[in-house]
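Shown next, in structure tokens, is the structure this report addresses.
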Amino acid sequence: MIAAYLLSDKSLGLKSLAFSRLGIEMTPITELIGAGTKQIPMSLVDIRQAADYACADADVTGQLTGLLTDELHKQGLWQLFNDVEMPLVPVLVHMERSGIALDTELLRQMAHRLGEQLIKLEAEIYNCAGHQFNINSSQQLGSVLFDELKLPTGRKTKNGYSTGASVLEELRGSHEIIEHILEYRQLTKLKSTYIDSLPRLVNPKTGRVHTSFNQTRTATGRLSSSDPNLQNIPVRGELGKEVRQAFTAPPGSSLLSGDYSQIDLRSLAHLSQDQGLLDAFNHDEDIHAATASRLFNVDTARVTDDMRRVAKTVNFGVIYGMSDYGLQQATELSRAEAAQFITAYFEKYPGIKKYLEATKQQGRDLGYVETLLGRRRSIPEINSPNYQIREAAERMAINMPVQGTSADIIKVAMVRLYQEMVKRHLKSKMLLQVHDELLFEVPDDELDEMRQLVPEVMSTALKLSIPLKVSINSSRSWGELK
DNA sequence: GCAGTCACG
DNA sequence: ACGTACGTGACTGCG
């Protein structure tokens, strides 16, 4: 763990660490195949040889421990490692081993229904095009839309026309085929990635779906989830919610979720100490409405839905280092209006502007940026002479401390909650983490206690300059949680 | 194995 | 003048 954590790049495994830190060359187990060699799966290796390799692994890991521990101390990262990341390991083990129950019958019904719908959609698309083609091929689709049907071309990719959803959205109304394609894309995505795949992944021994939570994979300190990814289960739209309904609690229990409200903007408020943002959260205001009121110079009560929508986009955009062009693309605004809104935003929140500038400056001076708990991201390209590379690096530098501080917070909450649940001998299980949400399986007789415990621990995980607000919901399925 | 696309926060 | 919002993972097509 210590080696993997310090150098989280996935290409830097034990083998390369052994070489760079200890000068030890570790040879993989290979066999000769023709002219080259091929790695043999461990399951097929002779047991004596496997033992030697296992001992070498343990030996090298032991030798690395001292070196890397020193380095963590020198970089001020020991506390984060020792008090957060290491205690998180058994929590993630528990979550992975627990798995989550899946209503495969519901998914099979959906698969059948969507299959029939897709056949009809295909026919309509072929009819519009005048011939059959592979709708899943963006190359073929681009040729149908832009060469044959002569629709106005938008962005291009390196291999041809872009046919992404944002391009198609702008073509909506110009031809009947566009809407069919958008629907086709949505249905095939959900069907192939979730509805058809998930039932195959139910473990026959446990009858549940078990993900892997990757602790050393991201540049910001977030977790990721893979095989299957349970952090990107659909939620938007009717169909999305229906997929989520297939994630269920067994009889006699419920699923319970604790969600941080606006955690990234709260992280930003704390990091920047911007007075306006702090005040808004301290008064528990609707943050997007509060921003709208400032941007449009109207009372909060007179903020319209449209004004709030723009403010929400700007609030998120700021966390990502958005440009006027980016804001224009994401809204109905013109480029000039978008630029005006960004200027206005920083005038109304001067603390945020100062903070973002200081963060970029730290990146330039030290070569890295950091979160509330000192987690670092190296930003070597922030001094690049190439405008494009440098700007991209600045956006990473702006975003990482915010996203990473939120990750710090929820990780601490997970460790504390798990330890408290063990201490109280609760049978409830922590199942999933989705960046600002924790999902639990809770026996009926523990529901009252967990509904109190989860928000209590989540909201006090770290003490910030503003309250951490947590919403709590329980239901028989993930899709019915609101 | 990469490119394009799209699901999530 | 440049290209254009951060972080992920999975699926399909294609060479």
Side-chain angles (χ1 to χ4, degrees), chain A residues 10 133-142 155-169 181-182 184-198 201 211-214 217-237 239-240 243-244 259-265 267-268 313-331 335 338-339 342 356 369 377 379 385-404 406-407 410 432-438 478:
Chain A
K10 63 179 169 179
F133 64 101
N134 189 341
I135 309 167
N136 290 317
S137 162
S138 43
Q139 210 176 307
Q140 293 179 39
L141 179 62
R155 268 201 323 279
K156 297 190 66 173
T157 64
K158 60 175 65 167
N159 291 322
Y161 309 107
S162 170
T163 65
S166 63
V167 171
L168 297 185
E169 288 292 348
I181 289 166
L182 283 165
Y184 178 89
R185 281 255 176 91
Q186 193 208 350
L187 296 190
T188 50
K189 182 79 175 185
L190 294 186
K191 189 164 184 292
S192 66
T193 307
Y194 307 100
I195 298 166
D196 291 341
S197 307
L198 286 170
L201 298 173
T211 185
S212 293
F213 283 108
N214 313 303
R217 180 74 184 77
T218 69
T220 58
R222 275 189 175 183
L223 298 176
S224 83
S225 159
S226 57
D227 312 298
N229 182 355
L230 295 187
Q231 287 182 324
N232 73 344
I233 299 302
V235 64
R236 293 160 200 165
L239 270 176
V243 172
R244 238 171 223 231
D259 287 70
Y260 283 112
S261 157
Q262 309 292 357
I263 191 168
D264 283 351
L265 282 171
S267 293
L268 176 65
T313 305
V314 179
N315 270 331
F316 280 113
V318 164
I319 298 173
Y320 301 146
M322 174 186 58
S323 66
D324 51 2
Y325 177 86
L327 181 58
Q328 177 208 324
Q329 291 297 309
T331 59
R335 178 101 174 230
I342 292 173
L356 295 180
V369 291
R377 178 177 187 171
I379 314 276
N386 179 314
Y387 173 92
Q388 216 180 130
I389 292 176
R390 189 173 65 247
E391 292 271 310
E394 287 183 358
R395 293 195 297 272
M396 296 175 203
I398 286 171
N399 177 257
M400 183 273 175
V402 176
Q403 192 181 112
S406 302
I410 197 168
L432 299 178
Q433 186 252 47
V434 194
H435 311 304
D436 64 355
E437 169 186 15
L438 294 175
W478 201 8

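All values reported here derive from a predicted model rather than from experimental measurement. We name chains A, B, ... by the order of the sequence lines, and we start the count at 1 in each one. Values below: all heavy atoms of this structure, side chains included; hydrogens, waters and symmetry mates excluded.
Taking 4.0 angstrom as the limit, A/Arg236 places a side-chain polar atom (N or O) nearer than this to OP1 or OP2 of B/dG9. A close approach under 4.0 Å does occur between a side-chain nitrogen or oxygen of A/Ser197 and OP1 or OP2 of C/dC11. At B/dT5, one or more side-chain N or O atoms of A/Ser162 fall inside 4.0 Å of OP1 or OP2 (strictly under the cut-off). The side chain of A/Lys189 contributes no N or O atom lying less than 4.0 Å from OP1 or OP2 of C/dA10. Proximity of A/Arg395 to the phosphate of C/dC6: a side-chain N or O atom is located under 4.0 Å from OP1 or OP2. Contact annotation: A/Asn229 does not reach the phosphate of C/dA10 (side-chain N/O to OP1 or OP2, under 4.0 Å). The phosphate of B/dG4 has OP1 or OP2 within less than 4.0 Å of a side-chain N or O from A/Thr157. For C/dG9, one of the phosphate oxygens OP1 or OP2 lies less than 4.0 angstrom from a side-chain nitrogen or oxygen of A/Ser224. Checking the phosphate oxygens (OP1, OP2) of B/dC8, no side-chain nitrogen or oxygen of A/Arg244 falls inside 4.0 Å. For A/Thr193 and B/dC6, the shortest distance from a side-chain N or O to OP1 or OP2 is not below 4.0 Å. Between A/Thr163 and B/dT5 there is a side-chain N or O to OP1 or OP2 distance below 4.0 Å. Distances shorter than 4.0 Å separate some side-chain N or O of A/Arg217 from OP1 or OP2 on C/dG9. In this structure, A/Asn134 reaches the C/dG13 phosphate: one of its side-chain N or O atoms is under 4.0 Å from OP1 or OP2.
In this structure, A/Arg390 reaches neither bases nor backbone, as no heavy-atom distance under 4.0 Å exists between it and the strands shown. Heavy atoms of A/Gln329 sit nowhere under 4.0 angstrom from any nucleic acid atom. Across all strands, A/Ala330 comes closer than 4.0 Å to base atoms (heavy-atom distances). Across all strands, A/Met400 comes closer than 4.0 Å to no nucleic acid atom at all (heavy-atom distances). At a threshold of 4.0 angstrom between heavy atoms, the contacts of A/Gly164 are confined to the sugar-phosphate backbone, with no base atom among them. Residue contacts for A/Gln388: at a heavy-atom cut-off of 4.0 Å it reaches the sugar-phosphate backbone alone, with no base atom in range. Nucleic acid contact for A/Ile263: none, since no nucleic acid atom lies under 4.0 Å from a heavy atom of the residue. Heavy atoms of A/Gln140 sit under 4.0 angstrom from primed sugar atoms or phosphate atoms, though from no base atom. Nucleic acid contact class of A/Asp227 (heavy atoms, under 4.0 Å, all strands): sugar-phosphate only. Using a 4.0 Å heavy-atom criterion, one finds that A/Thr188 contacts no nucleic acid atom at all. In this structure, A/Val235 reaches the sugar-phosphate backbone alone: every heavy-atom distance under 4.0 Å involves primed, P, OP1 or OP2 atoms, never a base. Base contact: A/Phe316 has a heavy atom under 4.0 Å from a base atom.
With hydrogens and angles ignored, the 3.5 Å screen pairs no side-chain donor or acceptor of A/Thr157 with any backbone N or O of A/Ser162. Panel note: side chain A/Thr188, backbone A/Arg185; a donor-acceptor pair is recorded below 3.5 Å.
Atom CD1 of A/Ile410 and atom P of C/dG7 are 19 Å apart (whole Å). For the pair A/Phe133 CZ and C/dT12 P, the interatomic distance rounds to 17 Å; values are reported in whole Å. Computed from coordinates, the A/Leu230 CG to C/dT8 P distance equals 18 Å when rounded to whole Å. Spacing between atom CD of A/Glu394 and atom P of C/dG3 amounts to 17 Å, rounded to whole angstrom units. Residue A/Leu198 contributes atom CG, which lies 11 Å from atom P of C/dA10 at whole-angstrom precision. A straight line from CD of A/Gln433 to P of B/dG9 spans 12 Å, rounded to a whole angstrom. A straight line from CZ of A/Arg185 to P of C/dC11 spans 17 Å, rounded to a whole angstrom. As a whole-Å value, the separation of A/Tyr184 OH from B/dT5 C1' is 13 Å.
Of the two residues near DNA chain C, A/Pro228 and A/Glu391, the one whose nearest nucleotide lies more 5' is A/Glu391.
Looking at heavy atoms from C-beta onward, A/Asn136 lies in side-chain contact with A/Tyr184 at the 4.5 angstrom threshold. Side-chain atoms of A/Ile233 and A/Leu432, non-hydrogen and from C-beta on, never get closer than 4.5 Å to each other.
Stacking between A/Tyr325 and C/dT4 is present: the aromatic ring centre lies within less than 5.5 angstrom of the base six-membered ring centre, and the two planes differ by under 30 degrees.
The base of C/dT4 lies close enough to the side chain of A/Arg335 for a donor and an acceptor atom to sit less than 3.5 Å apart. Between the base of B/dC8 and the side chain of A/Gln231 there is no donor-acceptor pair shorter than 3.5 Å.
C/dA5 and B/dG4 have their P atoms separated by 16 Å, with the value rounded to a whole Å. Remark: the separation of the C1' atoms in B/dC6 and C/dA1 is 32 Å, to the nearest Å. The same atom, P, is picked in B/dA3 and in C/dT4; the two are 15 Å apart, to the nearest Å.
Side chains of A/Ser212 and A/Arg217: a donor-acceptor N/O pair is absent below 3.5 angstrom, by distance only. Donor-acceptor pairing under 3.5 Å is recorded for the side chains of A/Asn214 and A/Ser226. For A/Ser406 and A/Ser267, the side-chain atoms include at least one donor-acceptor pair closer than 3.5 Å. Counting only N and O atoms by type, the side chains of A/Thr211 and A/Ser225 include a donor and acceptor under 3.5 Å apart.
Base pairing annotation: C/dC2 forms no Watson-Crick or G-U wobble pair, as no partner gives both donor-acceptor distances under 3.5 Å. In a base pair of the Watson-Crick type (N1 to N3 plus N6-O4 or O6-N4) or a G-U wobble (N1-O2 and O6-N3), with each distance short of 3.5 Å, C/dC14 is matched with B/dG1.
Checking C/dG13, B/dA3, C/dG7 against every side-chain atom of A/Lys158, the shortest atom distance belongs to B/dA3. With C/dA5, C/dG13, C/dG9 as the choices, the nucleotide that has an atom nearest any side-chain atom of A/Thr313 turns out to be C/dA5. For A/Tyr387, taking side-chain heavy atoms from C-beta onward, the closest of the listed nucleotides C/dG9, C/dA1, B/dG9 is C/dA1. Ranking C/dT12, C/dG7, C/dA5 by closeness to the A/Met322 side chain, first place goes to C/dA5. The side chain of A/Ser323 sits closest to C/dT4 out of C/dC11, C/dT4, C/dC6. Among the nucleotides B/dC6, C/dC14, C/dA10, the one closest to any side-chain atom of A/Ser226 is C/dA10.
Tested against A/Lys191, the residues A/Val243, A/Leu239, A/Asp196 include a single side-chain contact (heavy atoms from CB on, under 4.5 Å) partner, A/Asp196.
Across all non-hydrogen atoms, the minimal contact from A/Ile398 to A/Val318 is CG2-O, 3.8 Å.
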